[in-house]
Amino acid sequence: MTTKVVVTGLGVASPNGLGSQDYWAATRSGRSGIGRVTRFDPAQYPARLAGEIPGFVAEDHLPSRLIPQTDRMTRIALVATDWALADAGVRPEDLPEFDMGVVTASSSGGFEFGQGELQKLWGQGSQYVSAYQSFAWFYAVNSGQISIRNGMKGPSGVVVSDQAGGLDAVAQARRQIRKGTKLVVSGAIDASICPWGWVAQLTSGRLSTSDEPARAYLPFDADAHGHVAGEGGAILIMEDAEAARERGARIYGEIAGYGATFDPKPGSGREPGLRKAIELALEDAQVRPEDVDVVFADGAAIPELDRVEAEAITAVFGARGVPVTAPKTMTGRLYSGAAPLDLAAAFLAMEEGLIPPTVNVEPAAEYDLDLVVAQPRTAEVRTVLVLARGQGGFNSAVVARSAD
């Protein structure tokens, strides 16, 4: 019998809410966290809006010794992990250290820390560069720091597949639990809202240049013209279902299915891979398209990419055959952190029986999607499909299912 893998804890850090309760309260009511960049002066850049996490003070949550060692991304990840473990009722010191692992995703690493040390190198000299630069910028640093802080010595790693990475990390965590690891910390937190990171993101040509927060990020809208970048994400505590039940854990739901594909070379004439990823995830979960209650869309807000996603969804579910939502319109795209945040929202939607809205969007008729807009929709939510795509051709899909 295949081991069932469940989620028992959520740690959320989002532009529209710190902690899962604040995030869900904002998301269900359609409250956005997108605004003008405040972490640096964006006036000279073509894109000036972002989803920034307000009110996060690392010193309020972490030992002072960790502050000079870590990038903002890692500080948020460590605190989100603390929240997730507390939510799961897990004390790492009470568990065998080799029974716990960490698998996260990253799209960029600690850009803000790296920028600061490069400025010291160029402006003051190499002797002023922190020794912590050797790892604080590294894309694997969140997994490393989480494992060290919590004494987790089981199978660990990091997945790098741009914005699809958060789902790929969750899938890798599921594999490790099926191999015998009892508990894995997974998900992703990204945070690259600094000049160096901003320039890198601008090279994609996918950032919205609108200065109107309500009209800047519009997936599946006729006025779609790029996404708004954001910071944050979600950390999930994943466990063997039987072990979780034995300890009396609260179970949000199951990671029931996963599929991943890679798009063919542009101009090849071959079909994009997203539809196949969806079909693989449904097959892995042993669910039919009609069993899916809602799809959390990737929502690129690039017309061509929106068309590809809409066609994949309608090919599997039929025209307007399943409710679709993209609550990331309230946060911006959080890169590797976006899809784990969607998974957290999916589990919270299951608890309440409520599909969160895709705010500000006026659905274009050409996409033929049943897009949940403006207001949340009451519904029985038991099976959810979450989609994510990364620049360069990555496609990932995860089926999440309620515990009962």
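For clarity, every value in this text was computed on a predicted model and none was experimentally measured.
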Novice: Tell me the closest heavy-atom pair linking Pro213 and Ile34, and the distance in Å.
Specialist: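 Pro213 and Ile34 have their closest heavy atoms at CB-O, 3.8 Å.
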Novice: Any chance you could measure Glu311, atom CD, to Glu271, atom CD, to the nearest 0.5 Å?
Specialist: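 Here the rounded value is 9.0 Å.
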Novice: Sorted by first residue and then second, give each side-chain hydrogen bond (donor to acceptor under 3.5 Å, both in side chains) pair with at least one member in residues 99-117; sequence neighbours left out.
Specialist: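 Counting only pairs at least two positions apart or across chains, the side-chain hydrogen bond (donor to acceptor under 3.5 Å, both in side chains) contacts touching residues 99-117 are Arg39-Glu112, Thr104-Ser143, Ser107-Asp190, Ser108-Ser192, Glu117-Lys120.
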Novice: If you look only at distance, which donor and acceptor atoms sit under 3.5 Å apart when one is on a side chain in residues 274-282 and the other is two or more places apart or in another chain?
Specialist:
| from | atom 1 | to | atom 2 | distance (Å) |
| --- | --- | --- | --- | --- |
| Arg275 | NE | Glu279 | OE2 | 3.0 |

Novice: I'd like to check the salt bridge (charged side-chain N to carboxylate O under 4.0 Å, His left out) partners of Asp22; sequence neighbours left out, ordered by chain and number.
Specialist: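 Partners of Asp22 by the salt bridge (charged side-chain N to carboxylate O under 4.0 Å, His left out) criterion come out as none, since no residue qualifies.
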Novice: Just to verify, which of Leu18, Leu334, Asn16 counts as forming a side-chain contact (heavy atoms from CB on, under 4.5 Å) with Ile53?
Specialist: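 In the set Leu18, Leu334, Asn16, the residue that makes a side-chain contact (heavy atoms from CB on, under 4.5 Å) with Ile53 is Leu18.
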Novice: Go through the structure and list residues passing side-chain contact (heavy atoms from CB on, under 4.5 Å) with Ala297, not counting sequence neighbours.
Specialist: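 Counting only residues at least two positions away or on another chain, Ala297 forms a side-chain contact (heavy atoms from CB on, under 4.5 Å) with Phe220, Glu309, Val324.
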Novice: Any chance you could measure Arg28, atom CZ, to Leu348, atom CG, to the nearest 0.5 Å?
Specialist: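 So the gap between those two atoms works out to 11.0 Å.
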Novice: May I have the step-by-step check of salt bridge (Lys or Arg N to Asp or Glu O under 4.0 Å) for Asp298 and Lys328, ending in yes or no?
Specialist: CA-CA 9 Å; Asp298 173 69; Lys328 56 174 65 74; 5.2 Å; no
Novice: Does Gln375, at its CD atom, have more than 12 non-hydrogen atoms belonging to other residues, nucleotides or ligands within less than 6.0 Å?
Specialist: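 Open.
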Novice: Taking all heavy atoms of Ser130 and all of Phe113, pick out the closest pair and write down the distance.
Specialist: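 Closest approach of Ser130 to Phe113: OG-CZ, 4.2 Å.
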Novice: Please name all residues satisfying side-chain hydrogen bond (donor to acceptor under 3.5 Å, both in side chains) with Arg206, sequence neighbours left out, ordered by chain then number.
Specialist: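 Partners of Arg206 by the side-chain hydrogen bond (donor to acceptor under 3.5 Å, both in side chains) criterion come out as none, since no residue qualifies.
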Novice: Go through the steps for Glu231 and Glu52 under the test side-chain contact (heavy atoms from CB on, under 4.5 Å), then give the verdict.
Specialist: CA-CA 6 Å; Glu231 62 179 0; Glu52 295 180 323; 3.8 Å; yes
Novice: Scan residues 148-159 for pairs that pass side-chain hydrogen bond (donor to acceptor under 3.5 Å, both in side chains), counting only residues two or more places apart or in two chains.
Specialist: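 Sorted pair list: Asp82-Arg149.
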Novice: For a quick test of reading the model, state the closest non-hydrogen atom pair linking Thr329 to Val359 and the distance between them.
Specialist: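 Taking every non-hydrogen atom into account, OG1-N, 3.1 Å.
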Novice: Taking only residues two or more places apart in sequence, or in another chain, which ones meet Glu283 in a salt bridge (charged side-chain N to carboxylate O under 4.0 Å, His left out)?
Specialist: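 For Glu283 there are no salt bridge (charged side-chain N to carboxylate O under 4.0 Å, His left out) partners, ignoring immediate neighbours.
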Novice: Under 3.5 Å, is there a donor-acceptor pair between the side chain of Asp263 and the main chain of Gly273?
Specialist: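 Flag set: sc Asp263 to bb Gly273 pair under 3.5 Å.
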Novice: Any chance you could measure Lys179, atom NZ, to Gln176, atom CD, to the nearest 0.5 Å?
Specialist: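 One finds 5.0 Å between NZ of Lys179 and CD of Gln176.
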Novice: Walk me through whether Asp291 and Arg382 qualify under salt bridge (Lys or Arg N to Asp or Glu O under 4.0 Å).
Specialist: CA-CA 9 Å; Asp291 297 327; Arg382 297 177 56 82; over 6 Å; no
Novice: Take atom CD of Glu352 as the centre, draw a 6.0 Å sphere, and report whether it contains more than 12 heavy atoms from other residues, nucleotides or ligands.
Specialist: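 Enclosed.
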Novice: Is it true that Asp87 and Arg250 have a side-chain N and a carboxylate O under 4.0 angstrom from each other?
Specialist: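 Looking at Asp87 and Arg250, the cut-off is met.
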Novice: If you look only at pairs with a residue in residues 55-71, which of them pass as a side-chain hydrogen bond (donor to acceptor under 3.5 Å, both in side chains), with sequence neighbours excluded?
Specialist: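 Of all non-adjacent pairs touching residues 55-71, those that pass side-chain hydrogen bond (donor to acceptor under 3.5 Å, both in side chains) are Thr70-Arg75.
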Novice: Taking ring pair (Phe, Tyr, Trp, His ring centres under 6.0 Å) as the test, write out the residues that go with Tyr132, two or more places apart.
Specialist: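 So Tyr132 forms a ring pair (Phe, Tyr, Trp, His ring centres under 6.0 Å) with Phe135.
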Novice: Does a salt bridge link Arg377 with Asp370, judged by any charged N lying under 4.0 Å from a carboxylate O?
Specialist: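 Here Arg377 pairs with Asp370 in a salt bridge, since their nearest N and O are under 4.0 Å apart.
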Novice: With side chains defined as the heavy atoms from C-beta onward, is the minimum distance between Pro376 and Pro357 less than 4.5 Å?
Specialist: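 Yes, close enough: below the 4.5 Å cut-off.
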Novice: Among Val102, Thr74, Thr81, exactly one meets side-chain contact (heavy atoms from CB on, under 4.5 Å) together with Gln145. Which residue is that?
Specialist: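 One option only clears the test, and that one is Thr74.
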Novice: Can you name the residues that form a salt bridge (charged side-chain N to carboxylate O under 4.0 Å, His left out) with Asp162, not counting sequence neighbours?
Specialist: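 For Asp162 there are no salt bridge (charged side-chain N to carboxylate O under 4.0 Å, His left out) partners, ignoring immediate neighbours.
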Novice: Pair Ile237, Val185 - check side-chain contact (heavy atoms from CB on, under 4.5 Å), show working.
Specialist: CA-CA 5 Å; Ile237 306 302; Val185 176; 3.8 Å; yes
Novice: Got a sec, which residues hit side-chain hydrogen bond (donor to acceptor under 3.5 Å, both in side chains) with Asp211, two or more places apart in sequence or on another chain?
Specialist: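 Applying side-chain hydrogen bond (donor to acceptor under 3.5 Å, both in side chains) to Asp211 gives Arg48.
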Novice: Distance only, no hydrogens: is a donor on one side chain within 3.5 Å (strictly under) of an acceptor on the other, for Asp368 and Thr314?
Specialist: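 Not at all, the side chains of Asp368 and Thr314 share no donor-acceptor pair under 3.5 Å.
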Novice: Rounded to the nearest 0.5 Å, what separates atom CD in Gln286 from atom CZ in Arg401?
Specialist: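 Nearest 0.5 Å value for the CD-CZ distance: 8.0 Å.
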Novice: Suppose the criterion is ring-ring contact (aromatic ring centres under 6.0 Å, His included): which pairs have a residue in residues 249-307, not counting sequence neighbours?
Specialist: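 Matches after skipping sequence neighbours: Phe262-Phe394.
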Novice: Just wondering, more than 12 heavy atoms not from Glu212 lying within 6.0 Å of its CD?
Specialist: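 It does not: Glu212 CD has 12 such atoms or fewer within range.
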Novice: Nearest 0.5 Å, what's the CE-SG distance between Met73 and Cys194?
Specialist: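 Nearest 0.5 Å value for the CE-SG distance: 11.0 Å.
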